[in-house]
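Take a look at the structure below.
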Amino acid sequence: MEEVRGSSAWVAHNSSHVTIDSSGIEKVVEKMKESIPKVEWDYEGIHYFDNGPLTVQYLFVLDALNFCFWPDKDLNYDHLAKGLKDALLNDNSAFDADRLQKYTGPQLRELLKWPRPLPLEEERVRLLHEVGFELERSFEGKASKLVESCGKSAVKLVALVTRHFPGFRDHSVYKGHQVFLYKRAQIFAADLWGAFKGQGYGEFNDIGSITMFADYIVPAVLQQLGVLKYSSTLANAIQASSEIGAGTEEEVELRACSIYAVEKMRELLSIKSGKQVLSVELDLWLWSVGVQCQSLQHHRTLSIYY
């Protein structure tokens with residue numbers, strides 16, 4: 001996680017298209033300091049949960065597929081979470097490691113009850129196969145074994161996931177520097193912590209090490225709150241719904257500056273409130289604000305990482 005924090009800070013200090021407004025952070029923190037917003041992890045009841053290993057398997061499959069919904073304007077995260085939940089309720093062997101290795105695009109659509117091809121469908125299927133294969137090879141087919149082997153450390157879990165599963169290796173090169181973002185690997189740890197309420201499979205002694213999860217929604221919310229400022233070129237591209245290429249300076253800055261800004265918000269909130277504040281909690285609040293805002297305009301990048 002120090003790689004994520006350090007490389008994001010480097011981007012923020014060398015950024016050309018996105019800047020962080022310290023006074024914007026001050027204003028947001030001032031409003032929040034008395035009552036830090038708490039958002040329940042499963043506040044819409046869209047996730048599968050049985051308090052056991054099958055929930056871990058479900059969450060790992062969910063986070064393997066949790067990216068790039070925007071090319072289909074009707075598709076969103078809720079469809080994925082609820083579709084996978086219903087599939088598991090219908091057949092509790094649906095995510096067995098050997099079956100994950102065999103799914104086709106049409107079968108995945110059928111699983112989610114989605115009527116047309118999914119965005120980046122071939123990549124989603126490839127990642128399901130990768131997850132099934134590596135779980136079978138290294139973890140007795142069970143994501144719960146993967147979690148047990150991290151010794152209650154979210155940092156170790158992120159390291160294990162990115163070591164064993166290439167599809168979770170979310171990093172870029174920015175102005176000659178390698179930048180580590182690890183959105184889906186980190187969100188897996190956070191989902192476990194949220195679902196199991198910090199107990200059992202969700203007990204991590206270092207959950208405070210996890211950063212926010214750099215996606216489409218949170219940068220847009222931070223910009224609305226006056227925390228992030230965009231260059232006119234970038235603002236116009238987002239306004240026009242133009243695609244911003246994966247790995248471009250603009251795209252890396254949007255994500256890395258969001259991580260850095262939320263770290264600064266967390267530090268200031270902790271000082272002003274006298275309580276420990278987690279980046280995970282701030283991210284959940286920012287994301288929930290974003291998904292409830294119909295008019296929110298986010299950047300558009302074709303990526304398997306978020």
### Task
Considering non-hydrogen atoms only, spot the tightest contact between Leu84 and Leu62 and give its length.
CD1-CA, 3.6 Å

### Message
Is it the case that the side chain of Tyr58 and the backbone of Ala81 share a donor-acceptor pair, with hydrogens and angles ignored and the cut-off at 3.5 Å?
### Response
yes

### Message
To check you understand the geometry: which heavy-atom pair defines the closest contact between Val147 and Val56, and what is its length?
### Response
CG2-CG1, 3.6 Å

### Message
Donor-acceptor check, side chain of Gln178 to backbone of Ser7, threshold 3.5 angstrom: yes or no?
### Response
no

### Message
salt bridge (Lys or Arg N to Asp or Glu O under 4.0 Å) for Lys229 and Asp21? Distances and angles first, verdict last.
### Response
CA-CA 7 Å; Lys229 299 265 193 283; Asp21 188 327; 3.2 Å; yes

### Query
Going by the angle between their ring planes, with limits at 30° and 60°, are His177 and Trp10 parallel, tilted or perpendicular?
parallel

### Backbone N/O of Ser22 and side chain of Glu26: donor-acceptor pair under 3.5 Å
no

### Message
Using modelled atom types and a 3.5 Å cut-off, is there a donor and acceptor pairing between side-chain atoms of Lys272 and backbone atoms of Met32?
### Response
no

### Task
Verify salt bridge (Lys or Arg N to Asp or Glu O under 4.0 Å) between Asp86 and Lys113, making sure each step is shown before the conclusion.
CA-CA 9 Å; Asp86 291 346; Lys113 299 187 174 65; 5.2 Å; no

### Query
Does Asp63 use its side chain to pair, donor to acceptor, with the backbone of Arg184 at less than 3.5 Å?
no

### Query
Do Arg109 and Glu121 sit within salt-bridge range, that is, some charged N less than 4.0 Å from a carboxylate O?
yes

### Task
Please name the pair of heavy atoms, one in Ser8 and one in Leu181, separated by the smallest distance, quoted to 0.1 Å.
OG-CD2, 4.3 Å

### Message
Counting neighbours of NZ on Lys145 that are heavy atoms of other residues, nucleotides or ligands and sit closer than 6.0 Å, is the number greater than 12?
### Response
no

#### Entry: Lys/Arg N to Asp/Glu carboxylate O, Arg126 vs Glu130, below 4.0 Å
yes

### Summary
Note: Arg169 and Thr162 closest approach over all heavy atoms is NE-O, 2.6 Å

### Message
Is it the case that the side chains of Arg99 and Ser93 hold a donor-acceptor pair, with the cut-off being a distance below 3.5 Å and no angle test?
### Response
yes

## Note on the structure
In short, Leu269 meets Leu282 closest at the heavy-atom pair CD1-CD2, 3.7 Å

#### Entry: Trp287 ring center near Tyr77 ring center (under 6.0 Å)
yes

### Task
Spell out, as yes or no, whether a donor-acceptor pair under 3.5 Å connects the side chain of Tyr174 to the backbone of Asn14.
yes

### Ser279: side-chain hydrogen bond (donor to acceptor under 3.5 Å, both in side chains) partners, not counting sequence neighbours
Glu263, Arg266

### Task
Kindly state whether the ring of Phe60 and the ring of Phe165 have centres lying under 6.0 angstrom apart.
yes

### Donor-acceptor contact present, side-chain Gln224 to main-chain Leu296, <3.5 Å
no

### Task
For Leu127 and Gly167, work out which heavy atoms get closest and say how close.
CD2-CA, 3.5 Å

### Task
Using atom types as modelled and distance alone, determine if a side-chain donor or acceptor of Thr55 lies under 3.5 Å from a backbone N or O of Asp50.
yes

### Query
Among side-chain atoms of Glu134 and Ser138, is any donor-acceptor pair under 3.5 angstrom?
yes

### Task
Report yes or no: do Ile20 and Leu222 belong to one cluster of Ile/Leu/Val/Met/Phe/Trp/Tyr joined by side chain heavy-atom distances under 4.5 Å?
yes

### Query
Is the side chain of Asn76 donor-acceptor paired with the backbone N or O of His79 at a distance under 3.5 Å, no angle test?
yes

### Query
Under 6.0 Å between ring centres, would you say that holds for Phe49 and Phe196?
yes

### Query
Between Ser153 and Cys150, is there a donor-acceptor pair closer than 3.5 Å when you use the side chain of the first and the backbone of the second?
no

### Query
Would you call the rings of Tyr306 and Tyr216 parallel, tilted or perpendicular if under 30° counts as parallel and over 60° as perpendicular?
tilted

### Task
Report yes or no: is the cationic atom of Arg124 (NZ for Lys, CZ for Arg) under 6.0 Å from the centre of the six-membered ring of Phe69, at an angle within 45° of the ring normal?
yes

### Check: His13/Tyr260 side-chain N/O donor and acceptor closer than 3.5 Å
yes

Let me check something: any side-chain donor-acceptor pairs from residues 243-250 under 3.5 Å, sequence neighbours excluded? List them with distances.
unit_1, atom_1, unit_2, atom_2, d
Thr248, OG1, Gly245, O, 2.7
Thr248, OG1, Glu251, N, 3.3
Glu249, OE1, His17, NE2, 3.3

### Query
Is Ile217 reachable from Ile46 through a run of I, L, V, M, F, W or Y residues, each pair having side-chain heavy atoms under 4.5 Å apart?
yes

